[in-house]
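For reference, the structure discussed in these notes is given below.
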Protein chains: 2
Amino acid sequence: MKIGELSKATGTNIETIRYYERIGLLPAPLRTNANYRSYGDAHRTRLSFVRHSRDLGFTIEEIRSLLDLSDHPDRDCGDADRIASAHLEQVEAKIDQLSALRDELTRIVGRCRGGLAGDCRVIEALGDHGQCSRAH
Amino acid sequence: MKIGELSKATGTNIETIRYYERIGLLPAPLRTNANYRSYGDAHRTRLSFVRHSRDLGFTIEEIRSLLDLSDHPDRDCGDADRIASAHLEQVEAKIDQLSALRDELTRIVGRCRGGLAGDCRVIEALGDHGQCSRAH
DNA sequence: TATGCACCCTGTAGCAACTACAGGGTCAAG
DNA sequence: CTTGACCCTGTAGTTGCTACAGGGTGCATA
Ligand SMILES: [Zn+2]
Ligand SMILES: [Zn+2]
Ligand SMILES: [Zn+2]
Ligand SMILES: [Zn+2]
C-alpha cells in the first residue's frame, strides 16, 4: 500500500508517518519505481501499535522500548510492565493536578458578576495566589 | 531589583523572565549603567500574575488578553470571564480524557502475569485497540 | 592591586511530537 | 495533453520554555 492508504488505514497523518520513519520508529519501506513508499501488513500493524500507544499517552521513547520488546518475544516482559505502570502513575498524578486546577478555576470563575475589568474578581484572583484555597 | 532578585521573588527562572520580555509579555525594564535590567514593584506584580495564570494552565496568548484587560480597568470584563470559563471547560475535558486513559491503562497493566514478551498481554493490548472497553 | 567569584548580558540552539509548507516529480482519466 | 490527485525531499514553524557559549560587571578578599 502507498503512504496515503496506510494513512487512512491507521488514522495517521502522512507527515507523521514520514516523521516516524525519520526518527527510526518505523522501518523504511520498499520503494516503487517512482520512488513511492510501499508498505505491507507488518508496517500497518507496527504503526497501529505506535498510534494506539500514543493515544494512551506513551512517549516516543517509551514506545521505542515497547516495540523493541515486541520485536524480541524471547525476552522477559518485565520492562513493558514497568513502563506501563510508571505511565499509569503519571496519568494519575496528572489527573490529581488537573482536579486541583479545576477546583480553583471553578471558584475563580464563579466570582465574576460582570462589570468593569477594574472591579473584576477573576482578574484580581489571577494576580493573587493567596486567594487560592489549596496548592496547584 | 535586579533580575536575580525578581527571579527569587516570583519563583521564576531568569531565562524565563527574559523570554517573557522578548515575546512582549513583560515590558522592558530600565537598565543600569552596566546594562543590567532594573525592575520595580509593577514588574513583580505583573510577573506574579503571569506565573499564577500559567500555574493555572492558561496559555501565553490567553494571559496576553487577560493582562490587556487588567491594563484597561474601564473595559467590560466579559472577555476575562469567557477566557477563564473556556479554559475551565478544557481542563474538565482533559480530566475526562485522562480518566478514560487511566481506566484503560489500569486494565492493561493488570493483565501482565510476567514471563516472555511474546506472551505478554500488555504488549498485545497496546497493539489492539479492539481490546479497549471504551474510547480514549 | 590582582584575582576570584557571583552575577549579568546577547544570541542561538535544543526539547517533544508533530505540522506545514515550498518546490518539485508521477500517474491515470478525460 | 492537460488537469488533478497523489507522492517526494528538505526545511521551518508550533508551545513554553531551558541550556549553553562567549563575553562583561561588581564586590570582597589576599
Ligand atoms: Zn469579571
Ligand atoms: Zn493559586
Ligand atoms: Zn507482561
Ligand atoms: Zn484503545
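Letters go in sequence order (proteins before strands), and every chain restarts at 1.
Under 3.5 Å, the side chain of Tyr36(B) and the base of dG26(D) form no donor-acceptor pair of N or O atoms.
Between Arg31(B) and dT10(C), a side-chain N or O to OP1/OP2 separation shorter than 4.0 Å is present. Phosphate proximity of dT19(C) to Thr16(A): present, with a side-chain N or O under 4.0 Å from OP1 or OP2. At the phosphate of dT9(D), OP1 or OP2 sits under 4.0 Å from a side-chain N or O atom of Arg37(A). Between Asn35(A) and the phosphate of dC8(D), there is no side-chain N or O to OP1/OP2 separation shorter than 4.0 Å. A close approach under 4.0 Å does occur between a side-chain nitrogen or oxygen of Tyr20(A) and OP1 or OP2 of dC18(C).
Taking the side chain as every heavy atom from C-beta outward, Ile123(A) and Phe49(B) approach each other to under 4.5 Å. With contacts defined as side-chain heavy-atom distances shorter than 4.5 Å, the pair Arg64(A)/Ile23(A) qualifies.
For the pair Arg64(A) CZ and dA16(C) P, the computed distance is 10 Å after rounding to whole Å. Here dA5(D) presents its C1' atom at 10 Å from NZ of Lys8(A), a figure rounded to the nearest Å. Between the C1' atom of dT19(C) and the CD1 atom of Ile23(A) lies a distance of 14 Å, rounded to the nearest Å. One can place CG of Asp55(A) at 13 Å from P of dA17(C), the figure rounded to the nearest angstrom. Atom CZ in Arg54(A) sits about 5 Å away from atom P in dA17(C), given to the nearest Å. Here the P atom of nucleotide dC17(D) and the CZ atom of Phe58(B) are 14 Å apart, to the nearest Å. The CZ atom of Arg22(B) sits 11 Å away from the C1' atom of dT18(D) (whole-angstrom rounding). Rounded to whole Å, atom P of dT15(D) lies 13 Å from atom CD1 of Ile63(B).
The nucleotide whose nearest atom lies closest to any side-chain atom of Ile60(A) is, among dT19(C), dG26(D), dC18(C), dC18(C). Nearest nucleotide to the Ile3(B) side chain, out of dC18(C), dC9(C), dC27(C): dC9(C). In this structure, of dC18(C), dC9(C), dG16(D), it is dG16(D) that holds the atom nearest to the side chain of Thr59(B). Nearest to the side chain of Ile14(A), among dC7(D), dG26(D), dT19(C), sits dC7(D). Side-chain proximity of Arg18(A) to the nucleotides dT19(C), dC8(D), dT18(D) is greatest for dC8(D).
Of the residues near DNA chain D, Lys2(B) and Arg51(B), the one whose nearest nucleotide (by heavy atom distance) lies more toward the 5' end is Arg51(B). Of the residues near DNA chain C, Asn13(A) and Ala34(A), the one whose nearest nucleotide (by heavy atom distance) lies more toward the 5' end is Asn13(A). Two residues, Tyr39(A) and Asn33(B), neighbour DNA chain D, and the one matched to the more 5' nucleotide by heavy-atom proximity is Tyr39(A).
Between the side chains of Arg46(B) and Tyr20(B), no donor N or O sits under 3.5 Å from an acceptor N or O.
Ring geometry for His52(B) versus His136(A): interplanar angle of 30 to 60°, hence tilted.
Exactly one of Glu104(A), Arg111(A), Arg121(A) qualifies for a side chain to side chain donor-acceptor pair (under 3.5 Å) with Gln131(A). That residue is Arg111(A).
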Practice problem: Starting from the C-alpha separation in whole Å, work towards a yes-or-no answer on salt bridge (charged side-chain N to carboxylate O under 4.0 Å, His left out) for Asp119(A) and Arg113(A). | Solution: CA-CA 9 Å; Asp119(A) 307 321; Arg113(A) 296 276 166 268; over 6 Å; no

